[in-house]
Amino acid sequence: MLIVPGQPGKDLCDQGLGMTRRAILRVGGSSLLGLPLGSLLRLQAASAAAPPAAAPELGGIKGRPGWGKAKSIIMVYLQGGPSHLDLWDPKENVPDNVRSAFKPIQTKLPGVQFTEILPKLAQVIDKTTLIRSMSYTPNGLFNHTAAIYQMMTGYTTDKVSPSGQLEPPTPKDFPNFGSNIVRLKPSTEPMLPFVMLPRPLQESNVVGKGGTAGFLGKAFDPYTLYPDGDDMDMAKMEKIKIDDLRLRPEVFAGRLERRARLREAINAGMPALDKATEEYNLDEYYRKALDLVVSGRAREAFNLSSEAAALRDAYGRNTFGQSCLLARRLVEAGTKVVEVVWPKVANSDNHSWDHHSGLTERMKDRSGPMLDNGLSTLLTDLDERGMLADTLVVAVGEFGRSPQKGISTSGNGNSADGRDHWPYCYTAVVAGAGIKRGHVHGRSDKTGSAPAEDPVHPGELLATIYHAFGIDPTTLVYNHLNQPRELVKAEAVSRLFA
């Protein structure tokens, strides 16, 4: 006999309604919560239920430096391709059409120079490893979408249009590295495991390529936080809406908890149904949904107004700066993967990094200060809180910019004050989770055209990220055709770790 606890209708807004058969049948559904948690909840349930991916023998990998040091990662993704020559790898004694318009300045690291538009980063770069030898040879044209896809998944695609752009995201895509991480290292916290903000990866009308779980299924897609407003709205982060994580006015915690008890009673009275659905782990699914919503942990993490005004100012009162601050808050609350995407579509003007023209003004007055304030404060804030010990920070774009100004390398037009796409040599910044502090890995040649030593492929950078989480980069996952595929076909760069 099934017994429903409590008095019918006791905690309903209209107590005369009582408990209906329809209400009972809805118990356990997401509609009960009054919020479309969809991908997040399926992710947590699937993480517990999914069979482990096959992996080769680890051998001595576990004994290598950095193995398993990271509990979380903040990927600061500089989509658009920032110029390494005008930021953190300036060159002297080079022709005028190669030399940066910005003056070089000394950093905390002896003999290492940045340009004058990164004065704050220059003073905290001793907390990081600077990789000055990121490099890959593109297959065909090397426009943003193809390069973004490679950087985020570790794979290239054979479906590239004449313009170099890819097809829109499909369920057949390789997964974003964050999706792989939260699947193989599922979160134990009642918190959003994977968050992407404040805008999607994008080139022209191709939106989100490389930013989904692809063939892993939507259960492992990131929770996307894209506030209202276009890319020119610097106050977007003040418009954060978290309706997915907020109870409707007519659904409060007591009512929700009562329904949880109701569901337990139904389960107890229906052992046959329990047995039939055992493999789906519905009890765990519901418990985690309830924990997330009732605890308010995620909602509080999004509350930027609780931070001191001085710290918010230090990060920068703009979309990028406040996104970096929110990334720290999310990780602090238990999120495993946060991807902060540069808040301007890849191929565009103003504060985009795609400087085919107007580079000097745009970098000095717009993109440069935003990056300098946001990234330097993020590194300092994490370090002062002791979070750099197990939080990996990676700042990188899909490529750099051409050493020579005004030339075309990708079919785009470039002014005398512009640089085209350049995947052959660029810079990344990595920090935390056992990464060496105050270290420079690799070196570019005299014009920043190619690595002079220790090149690092984007796939190797991804392999290093997996390694930091204690995941063998050659772990096998199975695609939509049930074919085995490695997470990435590369080895971790263990020399980046102390």
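Residues: numbered from 1 along the sequence shown.
Proximity of a side-chain donor or acceptor of Ser352 to a complementary backbone N or O of Asp349 within less than 3.5 Å is not detected. Using a distance-only test at 3.5 Å, with no hydrogens or angles considered, a donor-acceptor pair links the side chain of Trp422 to the main chain of Ser449. In terms of modelled atom types and a separation under 3.5 Å, the side chain of Asp173 and the main chain of Thr170 share a donor-acceptor contact. One N or O on the side chain of Thr377 and one on the backbone of Ala314 form a donor-acceptor pair closer than 3.5 Å.
Annotation: side chain of Thr129 is not in contact with side chain of Val440 (no heavy-atom distance under 4.5 Å). Within the 4.5 Å cutoff, side-chain heavy atoms of Met196 are placed close to those of Tyr226. Side-chain contact check for Val331 versus Lys71: every heavy-atom pair is 4.5 Å or farther apart. Residues Ile435 and Leu392 meet the side-chain proximity criterion, which asks for heavy atoms closer than 4.5 Å. When side chains are defined from C-beta on, Glu339 counts as touching Met75, because their heavy atoms get closer than 4.5 Å. In this structure, His351 and Met363 have side chains that are not in contact, with every pair of non-hydrogen atoms separated by 4.5 Å or more. Side-chain atoms of Val430 and Ile131, non-hydrogen and from C-beta on, do get closer than 4.5 Å to each other. With a 4.5 Å cut-off on side-chain heavy atoms, Val456 and Ser135 do not count as touching.
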Could you go through the side chain to side chain contact (heavy atoms under 4.5 Å, CB included) check for Val338 and Phe194 one step at a time? CA-CA 6 Å; Val338 182; Phe194 179 14; over 6 Å; no
Apply the test side chain to side chain contact (heavy atoms under 4.5 Å, CB included) to residues Val337 and Val195: give CA-CA distance (whole Å), side-chain angles for both, the deciding distance (0.1 Å), then the verdict. CA-CA 6 Å; Val337 179; Val195 178; over 6 Å; no
Determine, stepwise, if the pair Asp381 / Arg328 fulfils salt bridge (Lys or Arg N to Asp or Glu O under 4.0 Å). CA-CA 8 Å; Asp381 197 9; Arg328 188 224 80 204; 3.0 Å; yes
Determine, stepwise, if the pair Leu461 / Met134 fulfils side chain to side chain contact (heavy atoms under 4.5 Å, CB included). CA-CA 9 Å; Leu461 183 58; Met134 293 296 300; 4.0 Å; yes
Kindly indicate, with the supporting measurements, whether the criterion salt bridge (Lys or Arg N to Asp or Glu O under 4.0 Å) is fulfilled by Arg443 and Asp454. CA-CA 7 Å; Arg443 179 172 59 86; Asp454 297 328; over 6 Å; no
Go through the steps for Asn176 and Thr212 under the test side chain to side chain donor-acceptor pair (under 3.5 Å), then give the verdict. CA-CA 6 Å; Asn176 180 283; Thr212 73; over 6 Å; no
Take Arg199 and Asp231 through the test side chain to side chain contact (heavy atoms under 4.5 Å, CB included) and record every step on the way to the result. CA-CA 8 Å; Arg199 69 164 345 276; Asp231 289 356; 3.1 Å; yes
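Side chains of Asn350 and Lys344: a donor-acceptor N/O pair is absent below 3.5 angstrom, by distance only. In summary, the side chains of Gln322 and Arg317 do not present any donor paired with an acceptor at a separation below 3.5 Å, with no hydrogens or angles considered. For the residue pair Thr115 and Asp86, no side-chain donor N or O sits within less than 3.5 Å of a side-chain acceptor on the partner. No side-chain donor-acceptor contact under 3.5 Å links Ser305 and Arg312. Residues Glu307 and Tyr315 have side chains that never bring a donor and an acceptor to within less than 3.5 angstrom of each other. Between the side chains of Tyr466 and Asp472, no donor-acceptor pair of N or O atoms lies under 3.5 Å. No side-chain N or O of Ser402 forms a donor-acceptor pair with one of Thr409 less than 3.5 Å apart.
Between Lys239 and Asp233, at least one side-chain nitrogen of the basic residue sits less than 4.0 Å from a carboxylate oxygen of the acidic one, meeting the salt-bridge criterion. Here Asp354 does not pair with Arg419 in a salt bridge; the nearest charged N to carboxylate O distance is not below 4.0 Å. Under a 4.0 Å N-O distance rule, the pair Glu189/Lys336 does not qualify as a salt bridge. A salt bridge is absent between Lys364 and Glu116; no separation between the charged side-chain nitrogens and carboxylate oxygens falls under 4.0 Å. Salt-bridge annotation for Asp228 and Lys241: present, with a side-chain N of the basic residue lying under 4.0 Å from a carboxylate O of the acidic one. Salt-bridge formation is not detected for the pair Asp372/Lys120: no Lys NZ or Arg NE/NH1/NH2 atom is positioned less than 4.0 Å from an Asp or Glu carboxylate oxygen. Electrostatic pairing of Lys69 and Asp390 does not count as a salt bridge here, judged by no charged N lying under 4.0 Å from a carboxylate O. Ion pair Asp89/Lys91 flagged as a salt bridge, since at least one NZ, NE, NH1 or NH2 atom sits closer than 4.0 Å to an Asp/Glu carboxylate oxygen. No salt bridge links Arg495 with Glu453; every basic N to acidic carboxylate O contact stays at or beyond 4.0 Å.
Of all heavy-atom pairs spanning Ser133 and Gly442, the tightest one is OG-CA, 3.4 Å. For the pair Val206 and Lys209, the tightest heavy-atom approach, listed with the atom from each and the gap, is CG1-CB, 4.0 Å. Here the closest heavy-atom approach between residue Pro227 and residue Pro198 is recorded as CD-O, 3.6 Å. When all heavy atoms of Val345 and Ser204 are compared, the pair lying nearest together is CG2-N, 4.2 Å. Lys405 and Arg99 get closest at one heavy-atom pair: NZ-O, 3.1 Å. Residues Ala346 and Glu398 come closest through the heavy atom pair CB-OE2, 4.3 Å.
To the nearest 0.5 Å, atoms CG (Leu118) and OG1 (Thr107) are separated by 11.0 Å. Summarising the geometry, atom OG belonging to Ser179 is positioned 6.5 Å from atom CG belonging to Leu216; distances are rounded to the nearest 0.5 Å. In this structure, CG on Asn414 lies 10.5 Å from CG on Asp417, to the nearest 0.5 angstrom. To the nearest 0.5 Å, the span separating CG on Leu201 from CE on Met152 amounts to 5.0 Å. Taken from CG in Asn93 to NZ in Lys446, the straight-line distance is 10.0 Å, to the nearest 0.5 Å.
The ring pair (Phe, Tyr, Trp, His ring centres under 6.0 Å) with Phe497 is formed by just one residue from the set His441, His467, His439; it is His467.
For an aromatic pair to be called close, the ring centres must be under 6.0 Å apart, and Phe174 with Phe215 satisfies this. A ring-centre distance under 6.0 Å is not found for Tyr426 and His84.
Ring geometry for Trp88 versus Phe114: interplanar angle over 60°, hence perpendicular rather than tilted (30 to 60°).
The cationic group of Lys185 does not satisfy the cation-pi geometry with Phe469, failing either the under 6.0 Å distance to the six-membered ring centre or the 45° limit from the ring axis.
In this structure, Glu491 places its CD atom where only 12 or fewer heavy-atom neighbours from other residues, nucleotides or ligands lie under 6.0 Å away.
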